[in-house]
Amino acid sequence: MEHQPNNPLHGLRLDTILEQLVAHYGWEELGERITIRCFTHDPSIKSSLKFLRKTPWARERVEGLYLKMLRDAKKNL
């Protein structure tokens, strides 16, 4: 495995990212920030992962929101 010290997503699984976003924002706010049906209508980790793995643009938005969450947390320290 290639070493990527400047990539905060390196080594993180999509399910871990999604679980942390849900813990931080909750499903309702997550659905407001990224308007996709799997977050707004009967959301679950399983259905969201299935959609995100098939839909590159949605996965990019989730990863972008995760990076923003990390930056905001770093600012508040």
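Only heavy atoms go into these numbers, but all of them, side chains included; no hydrogens, no water, no symmetry mates.
- Each ring-ring contact (aromatic ring centres under 6.0 Å, His included) pair with one or both residues in residues 37-64, not counting sequence neighbours, appears once here: W27-F39.
- Each salt bridge (Lys or Arg N to Asp or Glu O under 4.0 Å) pair with one or both residues in residues 4-15, not counting sequence neighbours, appears once here: R13-D15.
- Within the structure, the salt bridge (Lys or Arg N to Asp or Glu O under 4.0 Å) test picks out no pair touching residues 39-56 (sequence neighbours left out).
- Distance check: L70 CG to H24 NE2 gives 9.5 Å after rounding to the nearest 0.5 Å.
- Pairs of residues two or more places apart, or lying in two chains, that qualify as salt bridge (Lys or Arg N to Asp or Glu O under 4.0 Å) and include a residue from residues 26-38 are E29-R33.
- Every side-chain hydrogen bond (donor to acceptor under 3.5 Å, both in side chains) that S47 has, sequence neighbours left out, goes to S44.
- Pairs of residues two or more places apart, or lying in two chains, that qualify as salt bridge (Lys or Arg N to Asp or Glu O under 4.0 Å) and include a residue from residues 64-77 are K68-D72.
- From L30, atom CG reaches atom OG of S48 across 7.5 Å, with rounding to the nearest 0.5 Å.
- Of the inter-residue distances, the one linking L18 atom CG with L52 atom CG reads 6.5 Å to the nearest 0.5 angstrom.
- Taking CG of L14 as the start and CG of L49 as the end, the distance is 5.0 Å to the nearest 0.5 Å.
- By the side-chain contact (heavy atoms from CB on, under 4.5 Å) test, L12 pairs with T16, I17, Y66, sequence neighbours left out.
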